[in-house]
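Letters go in sequence order (proteins before strands), and every chain restarts at 1.
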Amino acid sequence: MLKRTHMCGDLRDEHIGETVVVAGWVNTYRDQGKGLLFIDLRDRAGIGQVVFDLEDANSDVVQAARMLRREDVIAARGVVRTRVGGPNPKLATGTIEVMATELEVLNKTETPPILPDDYEASKIAPEKRLQYRYIDLRRPRMQQILRTRHEVARTARTYFAEHGFIEVETPCLIKTTPEGARDFVVPSRSYPGQWYALPQSPQIFKQILMVSGCDRYLQIVRCFRDEDPRADRQAEFTQIDLEMSFVDRDDVMAMMGGLAKRLWKEVLDVELGEIPVLSYHDAMERYGIDRPDLRFGLEIEDVSDLAAKTDFKVFQDALAKDRGVVKAMRVPGGAEKLTRKLTDDYTKWIRTFRAGGVPVVKLTANGFETGIAKFLGPIADALRERLELEEGDTVLFTADTWSIATKAIGELRNRVARDLDLVEEGTWKMLWVVDFPMFERDEDQERWVALHHPFTAPRTDQFDELERAPGECISAAYDLVCNGSEIAGGSIRIHRPDVQRKVFELLGIGAEEAEQKFGFLLKALRFGAPPHGGIAFGLDRLVMLLAGTDDIKDVIAFPKTQTGQDLMTEAPAPVDAEQLEELHVRVVVPEVVEPV
RNA sequence: GGGGCGGUAGCUCAAUUGGUUAGAGUCCUGGACUGUCGAUCCAGUGGUUGCGGGUUCGAGUCCCGUCCGCCUCGCCA
């Protein structure tokens, strides 16, 4: 076999005159018949041109070269020289070519079902790309993303190693935990009827490592949550997981902000600057979401007090509800840009978030016009002042309970920014969101649920509230948000068993149940647990941002579909009866499943 | 579990109110061409219209069911 000396994508002017051996895949071929044959050869580093002189039509090299087809695997020896036909500015290797003297066909390909061209990748059916993932991954773009992912992981390891973190592995076969997402479970062969669960995160283990005196822990770790996927979510995903002892909230935020800055610098050569901090309360009130996109304005105002003075039934009905509110968003210049078609569409679309519609009004030289203008008489001046309205603006409203109206207008804010092209590409708006409530009321089940997770500590000044008014208790949790995407979330943890028991109790986990399900944690906390806290970065989402893609499947080498299948390996699949027997598992299939 | 969109040649798509032999580009096969570069030109192979039923003289097209993909609501401590 010809031994490779250079990556064909790495060849430059400096290699001119050298005899090289390159190897890779035939990206394209251009056969000129009598005379010349050009091969664009692709390897991990890029694409380079190999030329064959066809003068001696009977030579083995020429005969083999003329048989080459796209995606054949070859090696070629030749001399690097300046391109005779002039440079190709589209290629990094565009000024040079390899004049081939030897050719070795390492593997002919069958006609490829898909071709690894970036320029038509978006047109190929997603299931074909997943089915033939090995071909799809040959695309330069996919190779670039794989390397970005590697860079992120490498940078994180280096950064945290510099700061005294050590990497520790935690188990994948663990005990199922209540609360949280649905677990993936694994049957135990040795213990009939007993099951392991795959970790939703290594949360408890990393806390116990703090009790063990590790002081600073790092793990790049796979997590599993058996919930329906989304464009930015897979059932199986990766966290950069961290925990620190003897720290407060500011210590953790400073350390983790440092990683974010390092990543953006190393991967994109972007200086992030100081990362601002916003309270959960302000995020929800001003942006209607706990992970606001700060690349554009469109701030939201509560106008419930004004709305109460109108006769508009939608407002009145909303305000009559428990915690009913009316929210308003000023869209500068919206009178022109927000067409009737668009605003009608919003009213329909907003129903997916359970809001009734989107009342609209425009401010013109003649005052409020269209939509609900006729109801705004009594509050016209106050509304103009509150929203600092100018002529040509549109105001969009939502009215319902606080949680529905807030969420709806938050989603609407993002939608309007997209529709009006207000999002400036290439900008990075990172922020910390802090001061989350400890608990959220689950009205259906009439109980408190943890907003973050049950091991999150109250802020140090909030222990009274924990006893007195759990609904008002503020936690020591923090989320790192970038361009409207949550990229990390964490908290200071509870390190006192009495506080942990109290929180379990508030969550409706009684002493006995707590002992049975979390006994090992409660016990560990009794034996000298240091104050500690940590965070987990979503590696997949980080890479999505840094690589500029909005499909999580692009940043995972072998992703699953929305129904949890791997189209390449065809997992999941049935197992043998003997396997089931050994595992003491009997399958009950709802209906007859057709064999494929 | 709910909603929306889609599935026609290896790939990307077209096909009039339900009407003749389901077309085009690309890939592939063969040929032409001495500096191409998403090469070009000529010719050709290639189809169980996702699958199963139904309506009809006649179904890619209409109806029912089902499978698959994408987006989304719920869900995701």
Side-chain angles (χ1 to χ4, degrees), chain A residues 27-41 47-55 66-67 69-71 82-91 93-94 97 99 109-132 135 177-183 200-201 203-204 223-235 237 348-354 407-408 411 438-440 442 444 448-456 477 486 489 491 503 507 509 538 550-551 553 560-563 565 567 570 591-594 596:
Chain A
N27 195 59
T28 55
Y29 62 94
R30 294 177 293 280
D31 186 349
Q32 307 277 332
K34 293 194 180 67
L36 296 168
L37 173 95
F38 300 94
I39 299 290
D40 282 349
L41 192 65
I47 289 172
Q49 177 166 283
V50 179
V51 193
F52 291 88
D53 189 335
L54 302 182
E55 198 170 0
R66 297 201 71 174
M67 295 298 291
R69 292 297 178 265
R70 300 188 68 165
E71 299 310 309
T82 303
R83 287 199 182 194
V84 177
N88 178 358
K90 289 181 190 164
L91 294 179
T93 60
E97 63 191 8
M99 188 62 218
T109 179
E110 283 183 27
T111 302
I114 62 173
L115 288 167
D117 290 320
D118 282 331
Y119 63 85
E120 65 179 23
S122 62
K123 293 199 289 179
I124 298 174
E127 62 268 31
K128 297 291 176 195
R129 291 181 48 197
L130 294 176
Q131 198 179 341
Y132 298 100
I135 300 176
T177 46
E179 311 274 313
R182 194 177 296 116
D183 280 327
Q200 297 180 29
S201 88
Q203 182 61 37
I204 298 177
C223 304
F224 306 87
R225 294 176 191 176
D226 189 5
E227 301 292 349
D228 291 345
R230 284 287 187 282
D232 63 349
R233 210 169 78 191
Q234 289 255 309
F237 62 100
K348 263 181 265 162
W349 174 76
I350 209 76
R351 290 183 191 139
T352 58
F353 307 103
R354 298 180 170 185
K407 171 157 195 204
E411 296 288 346
M438 282 285 287
F439 309 103
E440 220 173 15
D442 184 326
D444 294 340
W448 295 110
V449 291
L451 196 73
H452 200 62
H453 59 53
F455 318 109
T456 297
E486 183 196 324
S491 62
V503 169
L507 292 172
I509 304 171
D550 52 14
D551 186 351
K553 294 191 284 304
K560 291 182 176 56
T561 67
Q562 289 244 349
T563 46
Q565 294 191 60
L567 295 180
E570 296 182 315
E591 288 168 54
V592 179
V593 176
E594 298 282 329
V596 178

Report summary line: Across every strand shown, the nucleotide meeting Watson-Crick or G-U wobble geometry with B:C33 (both distances under 3.5 Å) is none

**Report entry** Partner nucleotide of B:G69 by Watson-Crick or wobble geometry (both distances under 3.5 Å)
**Finding:** B:C5

**Report entry** Residues forming a salt bridge (Lys or Arg N to Asp or Glu O under 4.0 Å) with A:Asp31, sequence neighbours excluded
**Finding:** A:Arg66

If you restrict it to nitrogen or oxygen atoms, what contacts under 3.5 Å exist between nucleotides 43-49 of chain B and the protein, and what is each distance?
none

Would you classify [X] as touching base, sugar-phosphate or nothing, given that sugar-phosphate means primed atoms plus P, OP1 and OP2, and contacts are heavy atoms under 4.0 Å?
X: A:Gln200; answer: nothing
X: A:Phe455; answer: nothing
X: A:Pro126; answer: sugar-phosphate
X: A:Ser201; answer: base

Query raised in the report: RNA chain B: A:Gln565 or A:Ala181, which has the more 5' nearest nucleotide?
Result: A:Gln565

Query raised in the report: So do A:Cys223 and A:Gln200 actually touch side chain to side chain, heavy atoms under 4.5 Å?
Result: no

Report summary line: Contact string for nucleotides 26-37 of chain B, one letter per nucleotide 5' to 3', B = base within protein heavy-atom range under 4.0 Å, S = sugar-phosphate only, - = neither, reads -SSSS--BBBBB

Report task. Return the value, rounded to whole Å, for the distance between atom CG of A:Asp228 and atom C1' of B:C75. Result -> 7 Å

Given [N], is OP1 or OP2 found less than 4.0 Å from the side-chain N or O atoms of [X]?
X: A:Lys407; N: B:G74; value: yes
X: A:Lys553; N: B:C71; value: yes
X: A:Thr561; N: B:C68; value: no

Query raised in the report: Is A:Arg30 salt-bridged to A:Asp40, cutoff N-O under 4.0 Å?
Result: yes

